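Reckoned from all heavy atoms, side chains included, excluding hydrogens, waters and symmetry mates. Treat the numbers as computed from the prediction; the structure is a model and nothing was measured.
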Amino acid sequence: NVIVGQSVREFFEGDRIPDHLEGHYVICHWNERAHGVIRQLRSQELQTRDGFRHVVVIDPERVNTRALRAAGGDTMQDVLFITGDPGEIPNLERAAVHQAQGVVVLADDRIGEEHADGKTLLILKALGRMALDAIRSKDSQSIRGANRLTERLLRVQRTKAPIHVVTEAVWKEHRDQFSKLTQGAAWGADHAEGGLVLETLTVKDVEARIFSQVARCSGLSQLYFELTSFSADENGNEVYRAPAPSWLVGKTFGEAALT
């Protein structure tokens, strides 16, 4: 009965998520772009540098994980799926977004472009509520009577930097609406610790800019390919952020290059 009950639960709710999961990536909505993101995150070079990191996907529809893992080879092994609406806090809590290395919110292609950004906005608001609840609890220094979600968030907020959220906007006109969520206390953006940090990409706009640049300058397509790939087999490169030496602070790029 226990085995049957577990199988039924996994059928409706998805994979069992390990306890104490941290340093992983969370992807909201499953589609071909999500598959591409996982392929990059699971590149051998990135895993060699950062170590193995789980990937958790939240999607309203049940995914045939057995077929997907069989077809995807090593890339899809240990990718965990949660069946549920990523705009609902219990599903985000189950994915342990508050302990994640990063959260990727992709547009839901199934509901049409005219509605996709609206659904993304609901997910971002849910993430913002989670961050705000944790910060309020932290500031009060009391978790007596708090729910399980707030307790877990509070423990992480004391030691962990803000969660990095990358979201896809279908229409570039909506980027400003997404960005407003990060301003002020609503997301904890002005808080010393905790909160969420949002970056928004409009894939169509990025594609148009790349096409126009490549049209003007032959060979740029290979440069862009290398800059956006982790794989050494594909001549990929990685971009890092590091503290600048004190003698470079305040200088322009041209001045630094001549120093």
Side-chain angles (χ1 to χ4, degrees), residues 25-53 55 57 68 71-77 79 101-117 119-121 124 164-179 182 197-245 247-259:
Y25 294 95
V26 177
I27 300 177
C28 298
H29 296 135
W30 175 250
N31 51 38
E32 185 56 36
R33 294 189 302 286
H35 201 171
V37 170
I38 292 173
R39 284 196 296 268
Q40 289 295 318
L41 293 176
R42 284 294 176 84
S43 67
Q44 185 62 46
E45 288 68 28
L46 193 60
Q47 293 193 61
T48 299
R49 194 198 76 188
D50 294 346
F52 174 81
R53 295 182 186 272
V55 178
V57 179
L68 190 63
D74 294 340
T75 300
M76 296 305 300
Q77 299 305 314
V79 174
Q101 175 72 19
V103 179
V104 178
V105 183
L106 297 174
D108 190 348
D109 301 333
R110 293 159 295 197
I111 61 176
E113 292 185 343
E114 65 274 17
H115 301 299
D117 284 349
K119 185 175 181 181
T120 298
L121 187 63
L124 296 179
H164 184 205
V165 181
V166 182
T167 186
E168 175 188 11
V170 175
W171 305 105
K172 63 180 181 180
E173 293 81 4
H174 294 161
R175 283 184 301 188
D176 291 341
Q177 297 180 30
F178 292 170
S179 298
T182 64
V197 176
L198 174 69
E199 294 187 62
T200 301
L201 298 175
T202 305
V203 176
K204 292 181 178 180
D205 188 39
V206 172
E207 289 177 345
R209 293 170 185 264
I210 291 177
F211 272 110
S212 61
Q213 291 289 340
V214 174
R216 293 180 64 251
C217 183
S218 176
L220 274 182
S221 59
Q222 183 62 30
L223 172 63
Y224 288 132
F225 180 82
E226 292 182 8
L227 286 175
T228 56
S229 174
F230 289 112
S231 175
D233 294 337
E234 298 172 345
N235 298 317
N237 291 275
E238 298 180 36
V239 179
Y240 300 91
R241 175 181 291 181
W247 52 273
L248 281 179
V249 175
K251 294 183 180 295
T252 65
F253 181 82
E255 292 170 342
L258 296 174
T259 301

S.K.: How many angstroms lie between NZ in K172 and OG1 in T200, if you round to the nearest 0.5 Å?
M.R.: 15.0 Å
S.K.: Report the residues that fulfil side-chain contact (heavy atoms from CB on, under 4.5 Å) with V214, sequence neighbours left out, ordered by chain and then residue number.
M.R.: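 I210, L220, S221, Y224.
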S.K.: Look up atom CG in N31 and atom CZ in R110, then write down how far apart they are to the nearest 0.5 Å.
M.R.: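 If we round to the nearest 0.5 Å, N31:CG and R110:CZ are 7.5 Å apart.
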S.K.: Among all residues two or more places apart in sequence or in another chain, which pass the side-chain hydrogen bond (donor to acceptor under 3.5 Å, both in side chains) test with Q213?
M.R.: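 Applying side-chain hydrogen bond (donor to acceptor under 3.5 Å, both in side chains) to Q213 gives none.
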S.K.: So, using side-chain contact (heavy atoms from CB on, under 4.5 Å) as the criterion, who are the partners of R209 when residues are at least two apart?
M.R.: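 With sequence neighbours excluded, R209 shows a side-chain contact (heavy atoms from CB on, under 4.5 Å) to D205, given in chain and number order.
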S.K.: Nearest 0.5 Å, please: how far is CD1 in I38 from CE in M76?
M.R.: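 M76 atom CE to I38 atom CD1 measures 4.5 Å (nearest 0.5 Å).
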S.K.: side-chain hydrogen bond (donor to acceptor under 3.5 Å, both in side chains) with H115: which residues, sequence neighbours excluded?
M.R.: none
S.K.: Report the residues that fulfil side-chain contact (heavy atoms from CB on, under 4.5 Å) with E32, sequence neighbours left out, ordered by chain and then residue number.
M.R.: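 Once residues adjacent in sequence are excluded, the partners of E32 under the side-chain contact (heavy atoms from CB on, under 4.5 Å) criterion are H35, R39.
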S.K.: Sequence neighbours left out, what pairs pass salt bridge (Lys or Arg N to Asp or Glu O under 4.0 Å) with at least one residue falling in residues 248-259?
M.R.: none
S.K.: T202 vs W171, test: side-chain contact (heavy atoms from CB on, under 4.5 Å). Steps then yes/no.
M.R.: CA-CA 7 Å; T202 305; W171 305 105; over 6 Å; no
S.K.: Which residues pass the salt bridge (charged side-chain N to carboxylate O under 4.0 Å, His left out) test with R42, sequence neighbours left out?
M.R.: none
S.K.: What pair of heavy atoms forms the shortest contact from L106 to R33, and how long is it?
M.R.: CD1-C, 4.1 Å
S.K.: Would you sort out whether L201 and E199 count as a side-chain contact (heavy atoms from CB on, under 4.5 Å), showing the intermediate values?
M.R.: CA-CA 7 Å; L201 298 175; E199 294 187 62; 6.0 Å; no
